[in-house]
There are 2 protein chains.
Amino acid sequence: MRKGEQTRSKIMDIAEAAILAKGFDATSIEEIIEEVDITKSGFFYHFKDKNSLAIALLRRYIDREEALFDKLFGRAAELHEDPLHAFLIGLRLFAEMMSDLPTIHPGCLVAIYCYNERLYNNEIRSLSQESALAWRARFQEILEEIAAKYPTKDEVDLVALADMISSTFEGGIAMSKILRDQNVLPDQILLLRSYIKLLFLD
Amino acid sequence: MRKGEQTRSKIMDIAEAAILAKGFDATSIEEIIEEVDITKSGFFYHFKDKNSLAIALLRRYIDREEALFDKLFGRAAELHEDPLHAFLIGLRLFAEMMSDLPTIHPGCLVAIYCYNERLYNNEIRSLSQESALAWRARFQEILEEIAAKYPTKDEVDLVALADMISSTFEGGIAMSKILRDQNVLPDQILLLRSYIKLLFLD
DNA sequence: GGTAAAACTGCACTTGCGGTACGGAAATGA
DNA sequence: TCATTTCCGTACCGCAAGTGCAGTTTTACC
């Protein structure tokens, strides 16, 4: 890795942690550069303004989430050939992962940006929407495979059900933060899992 | 209503709308006073600083939500004497109300503050936590009444299940905003309703 | 080991916003 | 009428974002 990339990712690491902890506007460039130990000019060498830092962070965050889900549900598919049971395993792995975090979940960047909308960040809005649509497509595919094999016990829209995974994630993180209770998020994922189970299984 | 209260609530109305639309920090005092048509001195006569405006807004918001839930599930209890069916009716009324909004849901102030944590707002954190605990207590009571009559089809923690209502609300709002689709929130509430149905009813 | 490009530093400046201070004026209500 | 409430006007401070640019060091590569 070249030196510039190193500094750039160090800026991003420190900025992301601060933003998740305090919010975007509450995080000043000055505090970031102090922790990274560079000057303001150095910062603006890597990012043309604060907004472009925000976009870079969001892209990286989305990619990482994507990779995480790939790994999680890929592993689950290895553990069971049936789509429903594989999905149920995936959800449990997901809950366990959220439960094993050292502290409360640091928060979702997409949610932070969605609650800090500005006029100048159309790109951020589009990126967020696209990633949410990608999550929807991912889970919709899984659910359709399941629904083809297992009839549902209640009439549901599979698209809405696909969104329920993201919604549970976002809601669970928010409630974990509000209640200051780390267990809320994994508990909510397990309730979602319980619903999937009751909906498709006997 | 006295003149001062009028101005005060006008400030709060305009501030709340702007904050929900753009975020707390992105909303400047200067733009608020311009729309209210007062001066900066006028603003600081009513609120000693921006943070105390935030607190006032949060208190009002929490009270309104509380009143809304009272009305919603109170009405539902009038419509059916059985606790489970009353709750299912309440959830449907809730979903309908969210569906009948003229635009996308403006957002939840509690969530906004939870994603804009700062050092100086311990009071905001406490208020948010208290209101979340109040929501939990409200729904926990209902669910225990239901559980006493109907055995659950899956093993679940009733406290987590009570939190699921708030979590679904927060997650649904966030996903509605991210996807820019008004229907996501009511759809998520209906899925929650479907789960409650499958969980307690055969 | 020289050299060009990359990766910064230093500094001076502008703008916008939150917030303070305080005197005074106008509206309101008993 | 008269005190209290509800503001207005103005001048000011400090902080952070962001600009501009010249200069310096560091790195990668032949």
Side-chain angles (χ1 to χ4, degrees), chain A residues 1-58 112-113 115-124, chain B residues 1-58 109 112-113 116-124:
Chain A
M1 178 152 62
R2 293 217 306 280
K3 180 76 191 311
E5 282 178 43
Q6 249 175 51
T7 308
R8 190 183 154 91
S9 74
K10 191 175 176 190
I11 293 172
M12 289 174 72
D13 291 342
I14 287 167
E16 182 174 287
I19 289 168
L20 288 172
K22 302 187 299 179
F24 186 70
D25 295 277
T27 302
S28 72
I29 292 176
E30 311 218 337
E31 77 176 88
I32 296 172
I33 63 177
E34 194 184 350
E35 208 175 329
V36 180
D37 200 33
I38 52 171
T39 62
K40 204 185 248 194
S41 311
F43 175 88
F44 284 105
Y45 171 78
H46 289 286
F47 302 98
K48 76 174 221 288
D49 53 26
K50 210 183 173 187
N51 196 43
S52 92
L53 168 66
I55 291 170
L57 285 176
L58 186 56
I112 286 205
Y113 291 147
Y115 280 114
N116 280 284
E117 283 183 52
R118 278 221 186 49
L119 301 170
Y120 63 78
N121 63 0
N122 298 2
E123 195 174 347
I124 287 187
Chain B
M1 179 152 60
R2 291 219 307 282
K3 181 76 190 311
E5 283 178 44
Q6 250 175 49
T7 307
R8 188 182 156 91
S9 73
K10 192 175 176 191
I11 293 172
M12 287 174 73
D13 291 342
I14 287 167
E16 183 174 287
I19 288 168
L20 289 173
K22 303 186 300 177
F24 187 70
D25 296 276
T27 302
S28 71
I29 293 176
E30 311 219 336
E31 77 175 87
I32 295 172
I33 63 178
E34 194 184 350
E35 207 176 328
V36 181
D37 200 33
I38 53 171
T39 61
K40 205 183 249 196
S41 312
F43 176 88
F44 284 106
Y45 171 77
H46 289 287
F47 302 97
K48 78 173 220 286
D49 53 27
K50 210 183 174 189
N51 196 44
S52 94
L53 167 66
I55 291 171
L57 285 175
L58 185 58
L109 263 189
I112 288 206
Y113 291 148
N116 280 284
E117 284 184 51
R118 276 218 186 52
L119 300 171
Y120 63 77
N121 64 0
N122 297 1
E123 195 174 349
I124 288 188

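So you know, we letter chains A, B, ... as the sequences are listed, proteins then strands, and number each from 1. Predicted model only: the values in this text are computed from it and were never measured.
- Going from atom CD1 of B/Ile11 over to atom P of D/dT6 covers 11 Å, rounded to whole Å.
- Annotation: side chain of B/Leu20 is in contact with side chain of B/Leu109 (closest heavy-atom distance under 4.5 Å).
- Although no hydrogens or angles enter the test, the distance criterion places a donor-acceptor pair under 3.5 Å between the side chain of A/Tyr113 and the main chain of A/Ala54.
- Closest to the A/Phe44 side chain, of the nucleotides D/dG18, D/dC7, C/dC17, is D/dG18.
- Distances were taken from every side-chain heavy atom of B/Lys50 (C-beta onward) to each of C/dT9, C/dG19, C/dC17; the shortest belongs to C/dG19.
- Within the 4.0 angstrom heavy-atom criterion, base atoms lie near A/Lys40.
- Among the candidates A/Phe44, A/Tyr45, A/Phe43, the single residue satisfying the ring pair (Phe, Tyr, Trp, His ring centres under 6.0 Å) test with A/Phe47 is A/Phe43.
- Rounded to an integer number of Å, the gap from CD1 of A/Ile38 to C1' of D/dT24 is 16 Å.
- Put simply, the side chain of A/Lys40 never gets that close to the backbone of A/Ile29: no donor and acceptor are under 3.5 Å apart.
- Listed nucleotides: D/dA17, C/dC17, D/dC8. Nearest to the side chain of B/Glu30: C/dC17.
- Distance, A/Glu34 CD to C/dT9 P: 14 Å, rounded to whole Å.
- Counting heavy atoms from C-beta outward, B/Ile124 and B/Asn51 have side chains that approach closer than 4.5 Å.
- Residue B/Tyr45 has no polar side-chain atom (N or O) positioned under 4.0 Å from OP1 or OP2 of D/dC7.
- Across all strands shown, A/Ser52 has no heavy atoms under 4.0 Å from either base or sugar-phosphate atoms.
- Residue A/Phe47 contributes atom CZ, which lies 11 Å from atom P of C/dC8 at whole-angstrom precision.
- If you measure from atom CD1 of A/Ile33 to atom P of C/dC8, you get 13 Å, rounded to the nearest angstrom.
- Pairing each heavy atom of B/Glu31 with each of B/Ala26, the nearest pair is OE1-O, 3.5 Å.
- Protein atom CG of B/Asp49 is 13 Å distant from nucleotide atom P of C/dA21, rounded to whole Å.
- Note: A/Ile33 CD1 to A/His46 NE2 = 12.0 Å, rounded to the nearest 0.5 Å.
- Between A/Asp25 atom CG and C/dC17 atom P there is a gap of 13 Å when expressed in whole angstrom units.
- For the helix from C/dG1-D/dC30 to C/dA30-D/dT1, the terminal axes (five pairs an end, C1' atoms, rotation from four pairs onto the next four) enclose an angle of 30°, given to 10 degrees.
- Regarding contacts with the backbone of C/dA7, every side-chain N or O of A/His46 stays at 4.0 angstrom or more from both OP1 and OP2.
- If you take CZ of B/Phe43 and P of D/dT10, they are 21 Å apart, rounded to a whole angstrom.
- A donor-acceptor contact under 3.5 Å is formed by the side chain of A/Ser41 with the base of C/dG10.
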